[in-house]
Amino acid sequence: MKRRALLISMLFLTQAAWAAPDKDMKAMLELADASRCLVCHDVDATVTGPAWRDVARRYRDHKEIEETLVKRVHEGSSGNWGKETMSANKRAGIDNIRVLVHWILTLR
Ligand code: HEC
């Protein structure tokens, strides 16, 4: 009986994890849109820039790079993903960029 309850609760937990939506998706996409990121980025698809889920996957175990990424987005960067260049995003504001990069790294 006990084992069965355990199994059921485990199943439930796995399902909950699967179904859990990405944190703050709607608000963050609005901020990204207002910051003009979505001209070149999508969460799931590679556009001009890499898909943000791919960015999250690459740096998953390297959270210490967060501030470096903030700088790259702010000042622009190239050569880390392919041939395309990310132009500087100074108008988005460093604080917004910090919020967005932090969120991008939480994507599953
Ligand atoms: C003009 C198109 C463009 C815009 C606008 C843009 N990006 Fe990018 N982004 C790119 C490209 C291209 C790359 C890959 C650059 C490289 O290879 O180093 C990239 C890379 C990144 C990366 C990964 C950086 C790395 O070093 O691995 C992050 C995070 C990112 N962008 C976030 C943002 C955010 C947040 C915004 C909005 C404030 C934004 N981008 C706006 C084109 C863009």
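For ligands, and for the atoms within them, numbers begin at 1 and follow the listed sequence. Numbers here simply count residues along the sequence, with the first being 1. All values derive from a computational prediction rather than experimental measurement.
Remark: ligand 1 atoms within the under-4.0 Å shell around heavy atoms of Leu69 are 24 (C), 25 (C), 26 (O), 27 (O). Every atom of ligand 1 with a heavy atom of Ser87 under 4.0 Å away is listed here by number and element: 1 (C). Listed by number with element, the atoms of ligand 1 under 4.0 Å from a non-hydrogen atom of Trp52 are 30 (C), 32 (C), 33 (C), 34 (C), 35 (C). Shown in contact with Gly79 at under 4.0 Å from a heavy atom are these atoms of ligand 1, numbered in order with element: 16 (C), 17 (O), 18 (O). Below 4.0 Å from some heavy atom of Gly82 lie the following atoms of ligand 1, by number and element: 17 (O). Taking every non-hydrogen atom of Thr48 and a distance limit under 4.0 Å, the qualifying atoms of ligand 1 come out as 12 (C). Close approach of ligand 1 to Arg36 (heavy-atom distance below 4.0 Å) involves ligand atoms 5 (C).
A cation-pi arrangement is present between Arg58 and Trp81 under the rule of less than 6.0 angstrom and at most 45 degrees off the ring axis.
Residue-to-ligand polar distances place Asn80 within reach of ligand 1: an N/O pair is separated by less than 3.5 Å. Of the N or O atoms in Tyr59, one or more lie within a sub-3.5 Å distance of an N or O in ligand 1. Looking at ligand 1, you'll find an N or O of Arg72 within less than 3.5 Å of one of its N or O atoms. Looking at Trp81 next to ligand 1, an N or O pair under 3.5 Å apart turns up.
Side chain of His74 to main chain of Gly93: no donor-acceptor pair is present (N/O by atom type, distance under 3.5 Å, no hydrogens or angles). With hydrogens and angles disregarded, no donor-acceptor distance shorter than 3.5 Å links the side chain of Arg53 to the backbone of Asp42. Without hydrogens or angle criteria, Asn96 side chain to Ile94 main chain gives no donor-acceptor distance under 3.5 Å.
Protein N/O/S atoms closer than 2.8 Å to atom 8 (Fe) of ligand 1, listed by chain and residue number, are His41 NE2, Met86 SD.
Contact annotation for Thr85 and ligand 1: only backbone heavy atoms (N, CA, C, O) come within less than 4.0 Å of the ligand.
Selection from Asn96, Ile97, Val55 by nearest heavy atom to atom 29 (C) of ligand 1 gives Val55.
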